[in-house]
*Asks:* 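The structure is given below, and queries will be raised subsequently.
Lettering follows sequence order; numbering is per chain, from 1.
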2 protein chains.
Amino acid sequence: MTSQRRVVAEVLAGDHVHLTADEVHARAVERLPEIARATVYNTLGELVALGEVVEFSTDGRAKRYDPNAHRAHQHLVCSGCGLIRDVRPAGDPLAVLPAEERFGFAVEKADVTYRGLCPDCSGAGG
Amino acid sequence: MTSQRRVVAEVLAGDHVHLTADEVHARAVERLPEIARATVYNTLGELVALGEVVEFSTDGRAKRYDPNAHRAHQHLVCSGCGLIRDVRPAGDPLAVLPAEERFGFAVEKADVTYRGLCPDCSGAGG
DNA sequence: TCTTGACTTGGACAAGGTCCATTGTAGGAT
DNA sequence: ATCCTACAATGGACCTTGTCCAAGTCAAGA
C-alpha cells in the first residue's frame, strides 16, 4: 500500500460515488499533486480485479468506478443532467429471462441501467 | 435520401445486427468506396434521432447500432467472444423497481445487458 | 552500503468520436 | 442551358479516453 493507492481509495469512498477515471485523478491530484494519470488507471484496474470496486458505463464514453461493490445494485441515470443513483430492484433480474431466450448461453449476470429525469430536471420542464 | 445514406441503411439491415460505427463504415466502403467516416457518423446519428436505429454499448468502448428498433428488446452478450443476441425478457423491466428506489425520478426505460458465456465459449472451457 | 524488485512517472501512442472549412451536387429560377 | 442556392459529403484536424513502456524512485533485506 503506497500513498498513491491510499489516495485513490480515499477519493472513491462514500455512497452514490460514480467518478470517471479522470475525475478520480483530478481529486487525487488535490491531495497528492504529482500523482500520475497512469497510476490512477493502474490502481483502479487493481481495485476492480480485487472486487473492491465495480466498473460500469452509462453513456458508452468514460468508464465510471463505484466503490459500492459488496451490495448488488443497479444504476438509475438522469437523462438530463447525468446524475446517477444506486438502486435495488426487487427480485433477481436474471429470473425474467426465459430459457428459450437464452440461446444456450450460461447467463451469469444482468447489468441494468434505468433512465429517466431526476426531480430537478423534470421540474424544470426538461 | 442520398446514395451515401442508402448504403448506411442497407448495411444495417437484418436481424441480430450490432455493428460499431467503424464496422458500418468498413462495409459501406465496400459498396461506395469514397464514403467518408464523418458521413457514416452523421447518418447513424440521424437514424438514431429518427428512432429507426438504437444506439447502445456493451463494453464502454465503441457504440453499436441496432436496426431492430421497433420491437422492444434487450441484449445478451458473451463474456468470451463478444457475441451479441437480441433477447426479450418476460414482463416490463421497469415494474421491478419499487417507488422507494426511484428517488423521485420519472423513470422511463430500462436498458439491460445480460452477460454469460455462449455455447461455443462455455464448451471450450473458457 | 548495495541490491533487488515493485511501484510510479511521463510521454508516446491508439481507438473512438467530433468539428469545421471546403467541396460537390441536385433542383429551381432565369 | 446556365446560374443560384441549400444541403449533404468530404477530409483532416483535433479531442477524449485509455493503454503501453522505458526510465526513475523508493523501501527493505543482505
*Asks:* Write down the distance between CG (B/Asp22) and C1' (C/dA15), rounded to a whole number of angstrom.
*Replies:* 8 Å

*Asks:* Could you check whether A/His75 and A/Phe56 have their ring centres less than 6.0 Å apart?
*Replies:*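 So the answer is yes for these two rings.
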
*Asks:* Please give me the minimum heavy-atom distance between B/Val17 and B/Leu12, naming the atom from each residue.
*Replies:*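 Heavy atoms of B/Val17 and B/Leu12 come nearest at CG1-O, 3.9 Å.
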
*Asks:* Could you check which of C/dG17, C/dC7, D/dT10 has an atom nearest any side-chain atom of B/Ala62?
*Replies:*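 Looking only at side-chain atoms, B/Ala62 lies closest to C/dG17.
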
*Asks:* I need the OH-C1' distance between A/Tyr41 and C/dA14, as an integer number of Å.
*Replies:*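 Spelled out: OH on A/Tyr41 to C1' on C/dA14 is 13 Å.
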
*Asks:* Does A/Arg37 contact D/dG18 through a side-chain donor or acceptor facing the base, at a distance under 3.5 Å?
*Replies:*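 Side chain to base: pair found, below 3.5 Å.
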
*Asks:* Rounded to the nearest angstrom, tell me the gap between atom CD1 in B/Ile35 and atom P in C/dT23.
*Replies:*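 Result: 21 Å.
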
*Asks:* The side chain of B/Glu34 lies closest to which of these nucleotides: D/dG11, C/dT8, D/dG18?
*Replies:*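 Side chain of B/Glu34 sits closest to D/dG11.
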
*Asks:* Round to a whole Å and report the spacing from CG of A/Asn42 to P of C/dG10.
*Replies:*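 Spelled out: CG on A/Asn42 to P on C/dG10 is 14 Å.
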
*Asks:* Could you say whether B/Thr43 or B/Gly60 is positioned toward the 5' end of DNA chain D, judged by the nucleotide with the nearest heavy atom to each?
*Replies:*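 The answer here is B/Thr43.
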
*Asks:* For the pair B/Lys109 and B/Asp111, find out whether any cationic side-chain nitrogen is under 4.0 Å from an anionic carboxylate oxygen.
*Replies:* yes

*Asks:* When the distance from NZ of A/Lys63 to P of D/dG18 is rounded to whole Å, what number comes out?
*Replies:*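 Value for this atom pair: 6 Å.
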
*Asks:* Any base atoms under 4.0 Å from B/Thr2, or only sugar-phosphate, or nothing? Heavy atoms, all strands.
*Replies:*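 Here B/Thr2 touches the backbone only, sparing every base.
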
*Asks:* When all nucleic acid strands are considered with a 4.0 Å heavy-atom cut-off, which category describes B/Ala38: base, sugar-phosphate, or nothing?
*Replies:*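 Base: the residue B/Ala38, judged by heavy atoms under 4.0 Å, touches a nucleobase.
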
*Asks:* Return the value, rounded to whole Å, for the distance between atom OH of B/Tyr65 and atom P of C/dG16.
*Replies:* 12 Å

*Asks:* Examine the side chains of A/His18 and A/Asp86 and answer whether a donor and an acceptor come within less than 3.5 Å of each other.
*Replies:*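 Checked: A/His18/A/Asp86 side chains pair up, N/O donor to acceptor below 3.5 Å.
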
*Asks:* Could you tell me the separation between the CD atom of B/Gln4 and the C1' atom of C/dT25, rounded to a whole number of Å?
*Replies:* 10 Å

